[in-house]
2 protein chains.
Amino acid sequence: MTRRLLLGAFLFHPGGAHVTGWRHESAEPDRHLDIDFFADFARTAERGVFDTLFFADGLYFWDRFTSGIDHYSQVRPEPLTLLAALSVRAKNIGLAATISTTYNEPYHVARALASLDHISGGRAAWNLVTSRYDEEARNFGGDSHLDHSRRYERGAEFVEVVNKLWDSWADDAILADKASGFFADNTKLQTPDHRGEFFTVRGPLNITRGPQGHPVLFQAGGSPAGQELAAATADAVFTHFPSLEEAKRFYAGLKKQVVEHGRDPERFSILPTLRPVVGRSRAEAEDLAEQILATTPDSLIVEDVSHSIGQDLTGRSADERFAFAPNVDVSNESKSPNKRREWAGQSEQVTARELYARSFRENVVIGTGIEIADIVEERFTEFAADGFMVQSLTVPSGLENFVDEVIPELQRRGLTRTAYEETTLRERFGLERAPRADYAQTVAG
Amino acid sequence: MTRRLLLGAFLFHPGGAHVTGWRHESAEPDRHLDIDFFADFARTAERGVFDTLFFADGLYFWDRFTSGIDHYSQVRPEPLTLLAALSVRAKNIGLAATISTTYNEPYHVARALASLDHISGGRAAWNLVTSRYDEEARNFGGDSHLDHSRRYERGAEFVEVVNKLWDSWADDAILADKASGFFADNTKLQTPDHRGEFFTVRGPLNITRGPQGHPVLFQAGGSPAGQELAAATADAVFTHFPSLEEAKRFYAGLKKQVVEHGRDPERFSILPTLRPVVGRSRAEAEDLAEQILATTPDSLIVEDVSHSIGQDLTGRSADERFAFAPNVDVSNESKSPNKRREWAGQSEQVTARELYARSFRENVVIGTGIEIADIVEERFTEFAADGFMVQSLTVPSGLENFVDEVIPELQRRGLTRTAYEETTLRERFGLERAPRADYAQTVAG
């Protein structure tokens, strides 16, 4: 099998990956709850022959600072309903839903994803997250969030239960035989009867395995606990976009972890996020990046930086110099590298705007279609990536520019395909239909 | 406003309301997880200008008896993903999802239903159930089911929280003003900050009110606790189909309860379930009913009766006479009238087949299109019903026959409409867009 570069169209917010991308001239912030807006996005991604849609999600509204309400486009449809509707509007692309293991029940999640897999003809995927913010805990009966390590323990057991539920029915269990009156063969149904630390779930699931057997499982690979869970269970990981050398180290390290779990590293994809800013010339792209950065009001810059470095700067100007003296514990939110915090700690004095602009620039790739294709190709051929999660800073223009300027160049180089060939998302990811595990529990009777 | 008869196309199982309806010659049991199968059903309902689809659901697989696995078509898609996909395939009909308040979190439910309402352009509805079986408890960490009265207390608080979450955003809160950079007006957002007996939910919701404000709320009106919750909160109730006199008493009593809650009884619809068996002649309809009844294997008759009367008859013949001596407590499952239990208690000796056949006949309406239209008209004009939840015993033939034979007669009599006029489901139910409650909590900042 030729190695082929995988592409996800990652929608961070309906307004784009930049927090105020909704202010860009191409943006349509009035349409963030309009199914046609998302169908347009999906069809643009299909024009670029992307493998999957990938919608971020959160179970909260970030209102700890007023600027979050004032300036941030956080309102969005619920992922499963949205993707189910899109499965009818876009007939080829994968459909990845972000679902938290901390605030859900395995039975609901197994069922909804199996249903999406049936409805979409085998295009369902699950982006497993453990949630990160106290805002989320407070919407589900808690005050503060479950500890980071406990979240991952719960996540690991959650995946185990969901996999068992998905495997309730053998693929030939349903007989639907009108003549004999046998709808199912009861010897081909198994009940998980799971009793673990976090979950007690008897089963069986009331839906059979979908076209993929199991939907594709994505996870973020930021923290050591996340990497460990991903190496043990995921089909693909997305991660941030560091330097080529860092990315190669990460890639080799994680593939090694996958092998240590007795799994095939060629059946495990590593997809760094890519935030392209594309111009017809380098100067045009640089200008565009500056324009996008400039959309963020100062109050949001100050409060976003406050949150990420764990130091309340509210009321200061974005240009006021301050010494790093964290006074809010944000360490439980994420164990991924926190660059702004690192930089703030390295300087004697810094401004919120400097930190904000630096992290913006660190996370984007600015250039012409050919320049960005060069970077993509280098990362792919040097085994720093198996593909990319393309996060458009602005919607729809960011994705459109990528599809118009970068994709043709990648296609010309034979890195990405020019038409959909496989039917299921697993096939596109080089994965067989998931085999069914036999957990040797028989049902009543 | 002329009073107009409301119609729901109630899908009990994908195989129909009769437990083995999937064996009927018209049935397509191989397609029970195929989106096209449900789209065909939705389009047939739209051909009959039904107001809403209405899909029953359960969070379990009934396997306490082997016959449940062997003969019963319980496998089905998850309702929210199914209805979201159908919203694209059928552009007019309402979309009612059955969701349990016992095994869900208000934040998820509020969000998913608001999302479905946006996606469908104002056609979302919620059939609130509290779940009834131990099988469901065991899929969500429990061994046995929450007590009936506690289920309804939890249900009442659940609705309160969901309503508050739906009202997080004023309808003019989203500014999406690119020039000023204000996405929302923070004075028009309120946080529920709910702290009750069952739920602690801060909010706000991360989605705005849909076209309907609140989706239409359906509930079953079987038990006194269910009737009380419905009178206080629901927009419409469905119930079983007793004699005309019983139905009139029920109708008057429940409307009175609605008034006692300070609500408008004309804005509250009572929709008995109707299980039509339609023939071109009375004899043909009677034959069809017998054919459908005969699809049920004896083992399922014995075990279904065992479950409903709470007496384990496993191993007996369906024709063996027995005295009623209940030995299984099923009283917590439902407080709706249990006719089979009543009949078994009234006879000295009875057979499972007799009980099964009697309840089958009690729950169906057999006749020609004109005969069934006569019953429908009588119930409607005598204020025993505001409309009907039509449960086809077999799918698709049951619904097709109703649309072909009964609907034209109802239309001819001016009882039902011949085309869709209103946009939202609330409008069809004579309801205004739900006003937003102000609960006077301000957000951070």
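Just the heavy atoms: all of them, side chains too, but no hydrogens, waters or symmetry mates, feed the values below. First the proteins, then the strands, lettered A, B, ... as listed; each starts at 1.
L83(B) is not listed as a side-chain neighbour of T81(A), based on a closest heavy-atom distance of 4.5 Å or more. In this structure, the side chains of I174(A) and V75(B) come closer than 4.5 Å at one or more pairs of heavy atoms. A heavy-atom distance below 4.5 Å is not found between the side chains of L33(A) and I119(B). Here the side chains of V88(B) and R89(A) are in contact, with some heavy-atom distance below 4.5 Å. Counting heavy atoms from C-beta outward, N206(A) and Q74(B) have side chains that stay 4.5 Å or more apart. Annotation: side chain of F183(A) is in contact with side chain of H32(B) (closest heavy-atom distance under 4.5 Å).
Using a 4.5 Å cut-off between heavy atoms, S180(B) contacts chain A through its backbone alone, with no side-chain atom that close. Looking at I207(B), both its backbone and its side chain come within 4.5 Å of chain A, counting heavy atoms on both sides. When heavy atoms are compared at a cutoff of 4.5 Å, L59(B) approaches chain A by way of both its backbone and its side chain. Proximity to chain A (any heavy atom under 4.5 Å) is restricted, for A179(B), to the backbone atoms N, CA, C and O. With a 4.5 Å cut-off on non-hydrogen atoms, D177(B) touches chain A through its backbone but not through its side chain. Using a 4.5 Å cut-off between heavy atoms, F140(B) contacts chain A through both its backbone and its side chain. Contact annotation for D117(B): neither backbone nor side-chain heavy atoms come within less than 4.5 Å of a heavy atom of chain A. Residue F38(A) does not touch chain B at all, counting heavy-atom pairs closer than 4.5 Å. Residue contact with chain B, scored on non-hydrogen atoms closer than 4.5 Å, is absent for W62(A). At a 4.5 Å heavy-atom cutoff, T20(B) makes no contact with chain A through either its backbone or its side chain.
Top candidate by heavy-atom pairs under 4.5 Å with chain A, chosen from S67(B), P77(B), S120(B), is P77(B). Interface summary for chain B: among P29(A), G181(A), G15(A), the most heavy-atom pairs under 4.5 angstrom belong to G181(A). The greatest number of non-hydrogen atom pairs below 4.5 Å with chain A, out of L116(B), T295(B), T208(B), is found for T208(B). Put simply, of F182(B), F61(B), Y72(B), the one with the most heavy-atom pairs under 4.5 Å next to chain A is F182(B).
Under a 4.0 Å N-O distance rule, the pair R202(B)/D63(A) qualifies as a salt bridge.
Judged by distance alone, with hydrogens and angles left aside, the side-chain atoms of R138(A) form no donor-acceptor pair with the main-chain N or O of V201(B) at under 3.5 Å. Counting only distance, with no hydrogens or angles, the side chain of S115(B) and the backbone of E78(A) share a donor-acceptor pair below 3.5 Å.
Atoms CG and CG, from D70(B) and D185(A) in turn, are 8.0 Å apart once rounded to the nearest 0.5 Å. One distance of note links CG of L205(A) with CG of N139(B); it measures 8.0 Å at 0.5 Å rounding. Atom NZ of K188(A) sits about 14.0 Å away from atom CD1 of I69(B), to the nearest 0.5 Å.
Of all heavy-atom pairs spanning D30(B) and A176(A), the tightest one is OD1-CB, 3.5 Å. In terms of heavy-atom proximity, K178(A) sits nearest to H24(B) at NZ-O, 3.1 Å.
When the heavy atoms of residues 104-114 of chain A are compared with those of chain B, the residues falling under 4.5 Å are N104(A), E105(A), Y107(A), H108(A), R111(A), A112(A), listed by number.
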